[in-house]
Amino acid sequence: MNALNVAKFGGTSVADYAAMTNSASVIKGNSDTRLVVISACSGVTNLLVELANGVADAKKQQDVLAKIADIHFSILEHLPANAAVDIAINDVLDDVATFATTAATSPSDRLTDSLVACGELMSTHIFTHLLNAQGIDAERVDVRQVLKTDNVFGNATPDLVETAFHAQGILRPLCDAKVAVTQGFIGADNDGNTTTLGRGGSDYSAALLAEAVQATSLEIWTDVPGIYSTDPRIAPAASPIDEISFSEASEMANFGAKILHPSTLVPAMRHDIPVFVGSSKAPEQGGTWIRDTAKQSPLFRALALRCNQTMVTLTSLNMFHAYGFLAEVFNILAKHKVSVDLITTSEVSVSLTLDQTNTRGGAPTLPDGAEKELAKLCKVTVEQDMCLVALIGNHMGESRGAAAKIFGTLEDYNLRMICYGASSHNLCFLTSTNESKDVVRALHKELFENE
């Protein structure tokens, strides 16, 4: 099989004409790149989510619509005139206006998906036009013909069998002839309704499509040159990582490293597809390769921070020396489709954090129905405004003195819900939002900068 690379470009990589031109240069630089997955232009998704949440004031709604239109037409001004593309963009903008009017009085997850998907639908029209204008034979494909999902709007689950079938029938033959350009983040259910894979789902889409077309590599192009030991905006001394294992990268993504969507690596791991992460603004700086195994496996690899966390504590004396209590709790959570992230227990209480991947964003909440049912079983305490700090590494539970070094550094901070031992690749805990960045800086200095 010939080499086939899938390249995904995030919002900042298609933010404007200059960014799109840089991304086009990246594609030109790798003749194996035959499938390109595009996010919405930077800032557009947030504007669409604002409309989806309901903007009743007509003038404000028009202002938001004008901002969205300006972002796209300001790029087209730099390109050769193309009436078909202009019409396509205006058609999508008409849909946005219609959806926004409905959302002002009747917002819903289904409507939100239809609305926010418009960002990717527009950016791919423009980027395909730009590629063709630069001499790259490209064709736009509506990913809703390929990526099939269930109908859980806002956080849909892909149908791998259907997606592979349509990818082999539609995308693969096109990739043999030219560069196919399609959308990240969105899909469609069996009835043709637009769905989304949750915020940040473009990376996941790219990985799913790479798996479906049996790609030999996947590139994630963003605004930073690879994965760092932590977010350089928090700790300026953070260092780049040349190579990292799937296991380590998965932990980083799951625990808040924004450079990758948590589910991105799952399809790549299933088919052992190497993943490269780099900056479309500075591809010459290199980046990070993510592979099945890395040549080096240090005790401490990186720090990740995930804020906007909600902790739920359930307390009941009935839990003491009893069986079945946790089963009842999780039956209730499952009934109300509440996804649990972390969990710790004591003799009479259990604390857990709620997972949040819904398109609308915001702090995860415990549904009223679930809280009422749980309240009949135990005392329910909900706390927000918290952040999760995760230390990623290798064989952490087997290294003597590691825990003392970590917690000794953090003796002046209030740590909550410490999870250590379930995985040899991570140690994580909650802290207040106000202290979270100081915690990351202190740990990074001790574990990475002083080495």
Side-chain angles (χ1 to χ4, degrees), residues 155 251 254-256 262 303-358 362-393 396-436 438-440 442-443:
N155 189 24
E251 296 280 6
N254 187 56
F255 288 110
L303 282 162
L305 178 66
R306 187 173 73 199
C307 289
N308 212 21
Q309 298 296 287
T310 299
M311 182 173 76
V312 178
T313 301
L314 309 174
T315 306
S316 174
L317 293 177
N318 292 333
M319 185 177 170
F320 188 68
H321 287 172
Y323 62 88
F325 177 81
L326 287 179
E328 289 185 69
V329 167
F330 281 96
N331 281 336
I332 293 171
L333 296 175
K335 175 182 175 182
H336 293 276
K337 296 183 178 180
V338 177
S339 178
V340 172
D341 189 18
L342 302 177
I343 179 170
T344 60
T345 63
S346 70
E347 289 86 351
V348 295
S349 66
V350 54
S351 292
L352 50 88
T353 59
L354 304 182
D355 203 6
Q356 173 68 298
T357 55
N358 189 279
T365 57
L366 192 63
D368 289 340
E371 187 167 353
K372 288 178 181 177
E373 285 195 51
L374 289 170
K376 296 177 182 178
L377 187 67
C378 54
K379 178 185 176 183
V380 180
T381 305
V382 179
E383 298 176 68
Q384 294 186 323
D385 197 26
M386 306 185 80
C387 290
L388 177 70
V389 178
L391 175 60
I392 312 301
M396 292 170 61
E398 303 168 18
S399 177
R400 291 181 180 273
K405 191 172 186 179
I406 296 164
F407 294 116
T409 304
L410 302 176
E411 61 183 356
D412 294 330
Y413 299 98
N414 183 29
L415 310 183
R416 306 282 303 277
M417 207 176 152
I418 298 169
C419 296
Y420 186 33
S423 168
S424 63
H425 289 292
N426 80 70
L427 180 158
C428 55
F429 53 84
L430 290 177
T431 187
S432 69
T433 299
N434 290 337
E435 290 187 332
S436 61
D438 290 335
V439 167
V440 170
L443 267 181

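Predicted model only: the values in this text are computed from it and were never measured.
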With side chain to side chain contact (heavy atoms under 4.5 Å, CB included) as the criterion, how do Leu354 and Thr365 come out once you've worked through the C-alpha distance, each side chain's angles and the decisive distance to 0.1 Å?
CA-CA 7 Å; Leu354 304 182; Thr365 57; 5.7 Å; no
To the nearest 0.5 Å, what is the distance between CG (Asn414) and CG (Asn434)?
12.0 Å
Gln384: which residues meet the side-chain hydrogen bond (donor to acceptor under 3.5 Å, both in side chains) condition with it, sequence neighbours left out?
Thr310
Please name all residues satisfying side-chain contact (heavy atoms from CB on, under 4.5 Å) with Asp385, sequence neighbours left out, ordered by chain then number.
Thr433
Heavy atoms, side chains only, cut-off 4.5 Å: are Leu303 and Ile392 in contact?
no
Partners passing side-chain hydrogen bond (donor to acceptor under 3.5 Å, both in side chains) against Thr381 (at least two apart in sequence or in another chain):
none
From Leu342 atom CG to Thr353 atom OG1, the distance as rounded to the nearest 0.5 Å:
4.0 Å
Ile418 and Thr344, any side-chain heavy atoms less than 4.5 Å apart:
no
The criterion is side-chain contact (heavy atoms from CB on, under 4.5 Å); which residues satisfy it with Ser436, sequence neighbours excluded?
Leu305, Cys307, Cys387, Thr431
What heavy-atom pair brings Leu352 and Met417 nearest, and what distance separates the two atoms?
CA-CE, 3.5 Å
Flag, side chain of Thr409 to backbone of Leu443, donor-acceptor distance under 3.5 Å:
no
Would you say Tyr413 and Val389 make side-chain contact, with heavy atoms under 4.5 Å?
no
Residues in disulfide (SG to SG under 2.5 Å) with Cys378, at least two apart?
none
Between Cys428 and Leu388, the two heavy atoms sitting closest are CB-CD1, 3.9 Å
Going by atom type alone, with no hydrogens or angles, which donor-acceptor pairs under 3.5 Å involve a side-chain atom of residues 331-338 and a protein atom two or more places apart or on another chain?
| from | atom 1 | to | atom 2 | distance (Å) |
| --- | --- | --- | --- | --- |
| Asn331 | ND2 | Ala327 | O | 3.2 |
| Lys335 | NZ | Glu373 | OE2 | 2.9 |
| His336 | NE2 | Glu373 | OE2 | 2.9 |

With rounding to the nearest 0.5 Å, note down the distance linking CG in Leu391 to CD1 in Ile406.
5.0 Å
So how far is it from His425 NE2 to Glu251 CD, rounded to the nearest 0.5 Å?
6.5 Å
